[in-house]
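Labels below follow one simple rule: chain letters A, B, ... track the order of the sequence lines, proteins then strands, and each chain is numbered from 1. Values below: all heavy atoms of this structure, side chains included; hydrogens, waters and symmetry mates excluded.
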Protein chains: 2
Amino acid sequence: MSAGRALELSKQFKAIADPNRLRLVSLISSSPGSEACVCDLTEPLDLGQPTVSHHLKILVDAGILHREKRGVWAYYSVVPGALNTLAGVLSESCPTPEMRPA
Amino acid sequence: MSAGRALELSKQFKAIADPNRLRLVSLISSSPGSEACVCDLTEPLDLGQPTVSHHLKILVDAGILHREKRGVWAYYSVVPGALNTLAGVLSESCPTPEMRPA
DNA sequence: CACCGACATTGACAATCATCGATATCTTTC
DNA sequence: GAAAGATATCGATGATTGTCAATGTCGGTG
């Protein structure tokens with residue numbers, strides 16, 4: 001793996017390598033319509049609204065979440081394929097991927 | 001996802017959310033025998049030996065790498081299943097997992 | 001237009017982190 | 001047992017990060 005590719009991937013991994021951001025992604029993906037607005041996310045995380053907005057921005061900047069403003073609310077959803085790419089990187093380095101013990 | 005589970009997972013994600021540690025895991029898994037010692041890893045990463053040892057310790061503490069001392073050398077290998085678990089967590093939050101548009 | 005609610009941004013602070021130089025530990029060899 | 005080499009640990013430092021309080025911005029409402 002090249003240094004450039006590693007840096008690129010590390011930015012996305014850093015984005016999800018936080019307990020509150022992991023919960024944000026989980027909450028959003030399991031929400032009705034697979035989307036949620038900020039006001040739905042502050043209470044279950046027990047964090048202030050600015051902090052949640054900050055975490056969401058990090059996830060959007062990393063290309064993991066999508067932000068859509070509808071009226072007064074901002075709806076966040078998981079970008080299709082973003083997490084699959086990261087999951088694929090991890091699977092590549094797994095032992096016994098397509099190997100069988102005879 | 002519970003706060004405890006998120007914290008637990010974030011520790012493993014933090015461990016790999018570093019460009020040099022991503023390259024370490026990649027280098028080790030693609031090495032002959034799927035293992036490598038520190039002296040094989042310092043040069044391709046262009047880092048000092050203490051720094052590489054430090055990163056390896058973080059990966060071992062996170063349960064991602066396994067350390068085995070043989071003689072003077074310390075051989076590191078990827079723990080089977082560790083990365084698959086993380087990959088599974090990411091896949092769970094992916095849109096269109098077992099969903100098909102009619 | 002004045003107000004209110006949802007959200008974003010800013011500034012600050014404590015905590016964590018990545019890196020390095022110096023040094024310690026342990027194993028093999030002579 | 002002294003020397004050499006591989007690796008781990010320690011201490012320090014500059015950079016990044018997570019959180020919050022305060023404030024700014026923008027859309028909807030009366």
Side-chain angles (χ1 to χ4, degrees), chain A residues 1 3-4 6-28 31 33 35-62 64-77, chain B residues 1 3-4 6-28 31 33 35-62 64-77:
Chain A
M1 181 185 298
L7 183 62
E8 181 185 0
L9 285 172
S10 72
K11 288 180 183 174
Q12 301 205 45
F13 278 118
K14 276 180 195 292
I16 61 168
D18 176 90
N20 288 316
R21 291 198 288 270
L22 276 175
R23 298 187 76 189
L24 279 175
V25 172
S26 174
L27 279 169
I28 292 171
S31 291
E35 64 177 11
C37 58
V38 183
C39 57
D40 295 328
L41 300 170
T42 54
E43 188 205 347
L45 261 66
D46 197 35
L47 287 179
Q49 172 265 317
T51 303
V52 172
S53 268
H54 172 239
H55 285 310
L56 290 171
K57 177 175 171 51
I58 288 177
L59 289 166
V60 169
D61 289 346
I64 293 175
L65 290 187
H66 169 73
R67 177 180 184 270
E68 183 186 354
K69 186 111 184 235
R70 290 205 299 269
V72 185
W73 298 278
Y75 289 89
Y76 289 87
S77 56
Chain B
M1 181 185 298
L7 182 61
E8 181 185 0
L9 286 171
S10 72
K11 288 180 184 175
Q12 300 205 39
F13 278 119
K14 276 180 195 291
I16 60 168
D18 176 272
N20 288 317
R21 290 198 287 269
L22 276 175
R23 299 186 75 191
L24 278 175
V25 172
S26 174
L27 279 170
I28 291 172
S31 291
E35 63 177 12
C37 58
V38 183
C39 59
D40 296 328
L41 300 169
T42 54
E43 187 205 347
L45 261 65
D46 197 34
L47 288 179
Q49 172 265 318
T51 303
V52 172
S53 268
H54 172 241
H55 285 309
L56 290 171
K57 177 176 172 50
I58 288 177
L59 289 166
V60 169
D61 289 346
I64 293 175
L65 290 188
H66 170 74
R67 177 179 184 272
E68 183 185 352
K69 188 108 183 243
R70 289 205 299 269
V72 185
W73 297 278
Y75 288 89
Y76 288 87
S77 56

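- The nearest heavy atom of DNA chain C to B:P50 and to A:Y75 marks one nucleotide each, and the one closer to the 5' end goes with A:Y75.
- Applying the 4.0 Å criterion to OP1 and OP2 of C:dA18, one finds that B:R21 has a side-chain N or O inside that range.
- Between A:I58 and B:C39, the one whose closest nucleotide on DNA chain D sits nearer the 5' end is B:C39.
- In this structure, B:H54 atom NE2 and C:dC17 atom P are separated by 8 Å, rounded to whole Å.
- Straight-line distance from the NZ atom of B:K69 to the P atom of D:dG5: 16 Å, rounded to whole Å.
- Judged by atom type and distance alone, A:Q49 does not reach the base of C:dA6 through any side-chain donor-acceptor pair under 3.5 Å.
- Neither OP1 nor OP2 of C:dC17 sits under 4.0 Å from any side-chain N or O of B:H55.
- In this structure, the CG atom of A:D46 is 11 Å from the P atom of D:dT19, given to the nearest Å.
- Contact between the side-chain N/O atoms of A:T51 and the OP1/OP2 oxygens of D:dG18 is not found at any separation under 4.0 Å.
- The residue B:K57 sits close only to the backbone: its heavy atoms come under 4.0 Å of sugar-phosphate atoms, none of a base.
- OP1 or OP2 of C:dA8 sits under 4.0 Å from a side-chain N or O of A:Y76.
- Straight-line distance from the CG atom of A:D18 to the P atom of D:dT16: 18 Å, rounded to whole Å.
- When distances are taken from the side chain of A:L47 to each of D:dC20, D:dT7, C:dA6, the shortest belongs to D:dC20.
- If you check D:dT7, C:dT19, D:dG18 against the side chain of B:K14, the one that comes closest is D:dG18.
- Here the P atom of nucleotide C:dC7 and the CD atom of A:E68 are 13 Å apart, to the nearest Å.
- Tested against A:L24, the residues A:I58, A:D18, A:L56, A:I64 include a single side-chain contact (heavy atoms from CB on, under 4.5 Å) partner, A:L56.
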Checking side chain to side chain contact (heavy atoms under 4.5 Å, CB included) for the pair A:D61/A:K57: CA distance, chi angles, key distance, verdict?
CA-CA 6 Å; A:D61 289 346; A:K57 177 175 171 51; 3.4 Å; yes
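- To the nearest angstrom, C1' of D:dG18 lies 14 Å from CG of A:L56.
- B:S10 contributes a side-chain N or O that, together with a main-chain N or O of B:L7, makes up a donor-acceptor pair within less than 3.5 Å.
- Each of C:dA18, C:dT27, D:dG18 was ranked by its minimum atom distance to the side chain of B:V72; first place goes to C:dT27.
- Note on B:R67: a side-chain N or O is less than 4.0 Å away from OP1 or OP2 of D:dA8.
- The nearest whole Å value for the distance from the CG atom in B:L59 to the C1' atom in D:dT7 is 16 Å.
- Note: CZ (A:F13) to C1' (D:dT16) measures 20 Å, nearest angstrom.
- Of the possible donor and acceptor atoms, one in the side chain of A:R23 sits under 3.5 Å from a partner among the backbone N and O of B:M1.
- In this structure, CG in B:D40 is found 10.0 Å from CD in B:E35, a value given to the nearest 0.5 Å.
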